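Every chain is numbered from 1, with letters handed out A, B, ... down the list of sequences. Since the model is a prediction, treat every value here as computed from it, not as a measurement. Just the heavy atoms: all of them, side chains too, but no hydrogens, waters or symmetry mates, feed the values below.
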Amino acid sequence: MFYIQDIAKYEDQTITLKGWVESKRTGGKVAFITLRDGTGFMECIFSLDSVGETILETAKRVTQETSLQITGKVVKNDNQEFGYEMHATGLQIYQIAAEYPISRKEHGVDFLMNNRHLWLRSRRQWAVLRVRDSLKFAIHRFFHENGFTQTDAPLLTGNACEGTTTLFETEFYEKDVAYLSQSGQLYAEAIAMALGKVYTFGPTFRAERSSTPRHLSEFWMIEPEMAFYDIEMDMELIEAFVKYIVNAVYAECKTELKVLERDNVLFENINKPFPRITYTDAVKIIQGKQDWNGRNAITTLRQQLAQVLADLEVKNAEIAETEALLTAGNVSKGQANYYQNKIDRLKGETRKLEDKSKEIPEWIEASVNFPDGEDFGSPQEKALTSLFDTPVMVYKWPRAIKAFYMKRYEDDPEFVKGVDLLAPEGFGEIVGGSERETDLQTLVDAINHHDLPMEAFEWYLDLRRFGSVPHAGFGLGFERVVMWLTGVSHIRETIPFPRYYGRLFP
RNA sequence: GCCUCCUUAGCUCAGUCGGUUAGAGCAACGGACUGUUAAUCCGUGUGUCCUAGGUUCAAGUCCUAGAGGGGGCGCCA
């Protein structure tokens with residue numbers, strides 16, 4: 001078997017590729033079939049001179065997604081997207097595909113999601129899933145190269161630790177109710193006390209009724225947990241880890257990132273040090289009271305707004321101009337179609353810009369008036385990260401807004417040793433980590449303070465009774481990172497068959 | 001859960017002030033032409049205007065309720 005991803009090895013040789021028709025263009029004496037084989041895309045050229053009439057007629061008859069095998073010579077051609085093309089000499093069809101619902105034209109998201117099983121074949125989806133794979137293996141490599149043991153937390157748990165509203169519930173035989181896991185962290189802590197440095201990489205379930213581009217009901221989470229680590233070591237690890245996996249994807253997925261038209265700025269800046277900012281300083285930056293490297297968060301958002309308004313004006317002018325051309329008369333049918341399509345497209349774009357022009361002032365408002373002591377929302381994360389071209393770490397958070405298990409600062413007990421890593425350019429949180437509380441009594445008080453059921457945590461408290469040590473860890477939402485690196489606009493594109501509020505099929 | 005926009009052909013959308021037989025592009029099919037890249041050009045036809053109720057001589061268009069979807073917020077990874 002030959003695969004397109006190895007094509008450079010076969011330059012000027014005649015080989016056979018098996019795959020599906022991504023697209024076809026035909027002419028009188030020539031046919032172009034773009035073949036996809038799962039590893040890449042290849043344009044195959046059928047010309048009357050080299051294949052003869054019978055094969056050319058067969059080639060003209062194929063439909064989108066027809067399965068076939070094509071034999072031909074691999075020829076270098078820099079005009080081709082991937083550098084090579086095939087001069088076909090033979091063709092064998094497995095099945096002529098029925099009329100395919102997904103064209104290379106635009107489609108709505110709901111339509112595509114209903115056809116997810118077919119949408120996966122599209123070029124962008126192919127690229128996203130390849131990045132997902134590359135990222136997943138890079139994560140495993142990083143941890144193994146750094147002495148971690150991969151481990152697993154249970155997916156079915158018996159205790160509804162943080163209330164049942166965001167938990168999926170299922171019957172556990174006749175007598176019990178089980179919940180699908182929201183986090184394996186507490187279990188990972190127990191395993192770290194047995195194995196030192198561990199990480200879990202498994203599915204997580206949240207029954208939040210949030211229908212946003214950033215949420216899934218079922219997603220994968222990576223949760224390392226390290227015995228004898230403090231918050232400083234935790235932050236070092238997070239930074240080294242994120243740099244490693246981003247570099248790996250950049251090195252391994254050049255073609256995929258090109259297909260995705262992903263801006264390289266992110267990858268080129270990833271090796272710079274990640275700024276570390278305390279929550280208290282971050283609040284001042286968000287409110288616009290403090291600059292960072294001479295840039296002001298609020299001013300930056302205002303500039304974004306001005307840019308949106310300017311774009312809007314340009315597009316409106318273009319619409320008016322095109323409408324004038326259309327009504328001026330003396331236009332051929334083809335030209336009229338072109339103008340009409342252009343107007344429709346521009347109208348769609350202005351609608352999005354208009355939405356944006358209403359949203360940004362709300363974000364500015366929410367940032368300027370942000371009350372010190374509260375947790376960051378989406379507008380605050382946008383304001384802060386718009387100033388950076390690398391991920392940024394925010395640490396030393398108010399105790400009141402963070403989880404019960406985070407360790408307090410000895411000299412400043414109203415703050416905890418937690419850290420969030422925010423991806424740049426408005427993307428927002430991808431990592432949340434902390435040093436864990438080790439003192440039994442402090443933990444008991446925190447559990448009571450958060451109104452959590454003590455009996456559910458007895459086993460967890462045992463970890464503080466039998467050889468308690470400083471330890472730390474973090475959690476990383478896998479699909480969030482795929483989304484960040486690929487630049488897709490919705491998290492549902494980052495997993496083959498996404499599950500989210502309102503979507504259980506296919 | 002809240003705010004907001006949307007639902008018209010297989011797909012993406014237009015449809016003005018409520019007015020006669022509901023439109024375009026793409027896809028499909030037929031043809032022309034072409035080293036083409038979402039090619040281009042000519043031709044062929046396709047409707048539960050989301051659902052229910054209401055106002056009206058007349059509703060795709062207005063009103064009420066419901067369903068589904070997009071975007072933003074909240075919640076969060």
A.B. asks: Checking ring pair (Phe, Tyr, Trp, His ring centres under 6.0 Å) between A/Phe478 and each of A/Trp220, A/Phe219, A/Phe201, which is the one that passes?
C.D. replies: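 It is A/Phe201, the one option of A/Trp220, A/Phe219, A/Phe201 that forms the ring pair (Phe, Tyr, Trp, His ring centres under 6.0 Å) with A/Phe478.
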A.B. asks: Please give the distance between the C1' atoms of B/U46 and B/A9 as a whole number of Å.
C.D. replies: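 The answer is 5 Å between these two C1' atoms.
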A.B. asks: In terms of relative ring orientation, are A/Tyr199 and A/Phe148 parallel, tilted or perpendicular, with 30° and 60° separating the classes?
C.D. replies: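 Rings of A/Tyr199 and A/Phe148: perpendicular, as their planes differ by over 60°.
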A.B. asks: Distance check, C1' atoms only: B/A39 and B/G23, in whole angstrom units.
C.D. replies: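 25 Å, rounded to whole Å.
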A.B. asks: Check this one for me: any side-chain N or O of A/Arg214 less than 4.0 Å away from OP1 or OP2 of B/G72?
C.D. replies: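 No.
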A.B. asks: Should A/His450 and A/Tyr405 count as side-chain neighbours, where that means a heavy-atom distance under 4.5 Å?
C.D. replies: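 No - every pair of side-chain heavy atoms lies 4.5 Å or more apart.
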A.B. asks: Who does B/U16 pair with, Watson-Crick or G-U, both distances under 3.5 Å?
C.D. replies: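 WC or wobble partner does not exist here.
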A.B. asks: Using the C1' atom on both, measure B/U44 against B/U4 and round to a whole Å.
C.D. replies: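 The same atom, C1', in both gives a distance of 42 Å.
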A.B. asks: Under 4.0 Å, heavy atoms only, any strand: does A/Glu43 hit a base, just the sugar-phosphate, or nothing?
C.D. replies: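 Base contact - A/Glu43 has a heavy atom under 4.0 Å of at least one base atom.
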A.B. asks: Please report, rounded to the nearest Å, how far the C1' atom of B/C3 is from the CZ atom of A/Arg209.
C.D. replies: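 Those two atoms, CZ and C1', are 19 Å apart.
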A.B. asks: Please work out which of the three classes, parallel, tilted or perpendicular, describes the rings of A/Trp397 and A/Tyr279, given edges at 30° and 60°.
C.D. replies: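 Tilted.
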A.B. asks: What's the closest nucleotide to the side chain of A/Asp375 if the choices are B/C76, B/C73, B/G71?
C.D. replies: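 Closest nucleotide to the A/Asp375 side chain: B/C76.
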A.B. asks: Measure the distance from NZ on A/Lys358 to P on B/C73 and round it to the nearest whole Å.
C.D. replies: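 Rounded to whole Å, this separation is 15 Å.
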A.B. asks: Identify whether any heavy atom of A/Ile45 sits under 4.0 Å from a base atom; if not, whether one sits that close to sugar-phosphate; answer base, sugar-phosphate or nothing.
C.D. replies: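 It contacts base atoms.
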A.B. asks: Determine whether A/Val74 and A/Thr14 make a side-chain contact, defined as any pair of heavy atoms from C-beta on separated by less than 4.5 Å.
C.D. replies: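 They are not in contact (no side-chain heavy atoms under 4.5 Å apart), so the answer is no.
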A.B. asks: What distance, rounded to whole Å, do you find between the two P atoms, one in B/G71 and one in B/C26?
C.D. replies: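 Looking at atom P only, B/G71 and B/C26 are 28 Å apart.
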A.B. asks: Assign A/Phe32 to base, sugar-phosphate, or nothing according to its heavy-atom contacts below 4.0 angstrom with the strands shown.
C.D. replies: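 If one applies the 4.0 Å heavy-atom cut-off, A/Phe32 turns out to touch a base.
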A.B. asks: Provide, to the nearest angstrom, the distance between the CZ atom belonging to A/Phe219 and the P atom belonging to B/C75.
C.D. replies: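 Rounded to the whole Å, the gap is 16 Å.
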A.B. asks: Answer yes or no: does a side-chain N or O of A/Ser378 lie under 4.0 Å from OP1 or OP2 of B/C73?
C.D. replies: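 The answer is yes; a side-chain N or O of A/Ser378 sits under 4.0 Å from OP1 or OP2.
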A.B. asks: Can you tell me, in whole Å, how much space there is between the P of B/U12 and that of B/U48?
C.D. replies: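 Looking at atom P only, B/U12 and B/U48 are 16 Å apart.
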A.B. asks: Expressed as a whole number of angstroms, how long is the span from A/Leu35:CG to B/U37:C1'?
C.D. replies: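 After rounding, the reported distance stands at 15 Å.
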A.B. asks: Rounded to the nearest angstrom, tell me the gap between atom CE in A/Met86 and atom P in B/G35.
C.D. replies: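 The answer, rounded to whole Å, is 21 Å.
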A.B. asks: Do A/Gln80 and B/U36 share a donor-acceptor pair, side chain to base, under 3.5 Å?
C.D. replies: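 Result: at least one qualifying N/O pair found.
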A.B. asks: Using a 4.0 Å heavy-atom cut-off, does A/Ile430 contact any base of the nucleic acid, only the sugar-phosphate backbone, or nothing at all?
C.D. replies: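 Touches sugar-phosphate only.
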A.B. asks: Heavy-atom nearest nucleotide on RNA chain B for A/Ser23 versus A/Lys29: which residue maps closer to 5'?
C.D. replies: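 The residue mapped nearer the 5' terminus is A/Lys29.
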A.B. asks: Return no unless some side-chain N or O of A/Arg25 is found under 4.0 Å from OP1 or OP2 of B/U37.
C.D. replies: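 So the side chain of A/Arg25 is outside the cut-off, no N or O lying under 4.0 Å from OP1 or OP2 of B/U37.
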A.B. asks: Name the orientation class of the two ring planes belonging to A/Phe427 and A/Trp484 (parallel below 30°, tilted from 30 to 60°, perpendicular beyond 60°).
C.D. replies: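 A/Phe427 and A/Trp484: tilted rings.
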A.B. asks: Using atom P in both nucleotides, what's the gap between B/U61 and B/G70 to the nearest angstrom?
C.D. replies: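 My reading of the P atoms in B/U61 and B/G70 gives 24 Å.
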A.B. asks: Side chain of A/Trp363 only, heavy atoms from C-beta on: which candidate in B/C76, B/C73, B/G71 is closest?
C.D. replies: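 Between B/C76, B/C73, B/G71, the one nearest the side chain of A/Trp363 would be B/C73.
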A.B. asks: Between C1' on B/A28 and CD on A/Glu65, what's the gap in Å once rounded to a whole number?
C.D. replies: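 Result: 16 Å.
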A.B. asks: I'd like the C1' distance from B/G74 over to B/U64, given in whole Å.
C.D. replies: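 B/U64 and B/G74 have their C1' atoms separated by 29 Å.
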A.B. asks: Does any donor-acceptor pair link the side chain of A/Glu85 with the base of B/G35 at a separation under 3.5 Å?
C.D. replies: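 Side chain to base: pair present.
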A.B. asks: Assuming nearest nucleotide by heavy-atom distance, tell me which of A/Val30 and A/Ser210 is located more 5' along RNA chain B.
C.D. replies: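 Nearest nucleotide further toward 5': that of A/Val30.
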A.B. asks: Using the rule side chain to side chain contact (heavy atoms under 4.5 Å, CB included), only one of A/Thr58, A/Thr54, A/Thr71 pairs with A/Leu91; which is it?
C.D. replies: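 It is A/Thr58; the other options fail the test.
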A.B. asks: Do the side-chain N or O atoms of A/Lys382 get closer than 4.0 angstrom to the phosphate oxygens (OP1, OP2) of B/C73?
C.D. replies: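 It does, given that an N or O in the side chain of A/Lys382 lies less than 4.0 Å from OP1 or OP2 of B/C73.
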A.B. asks: Considering only heavy atoms and no angle criterion, is a donor-acceptor pair shorter than 3.5 Å present between the side chain of A/His215 and the base of B/C76?
C.D. replies: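 It does, because a donor-acceptor pair links the side chain of A/His215 to the base of B/C76 below 3.5 Å.
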A.B. asks: Rounding to an integer number of angstrom, what distance separates B/G18 and B/U56 when you compare their C1' atoms?
C.D. replies: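 My reading of the C1' atoms in B/G18 and B/U56 gives 9 Å.
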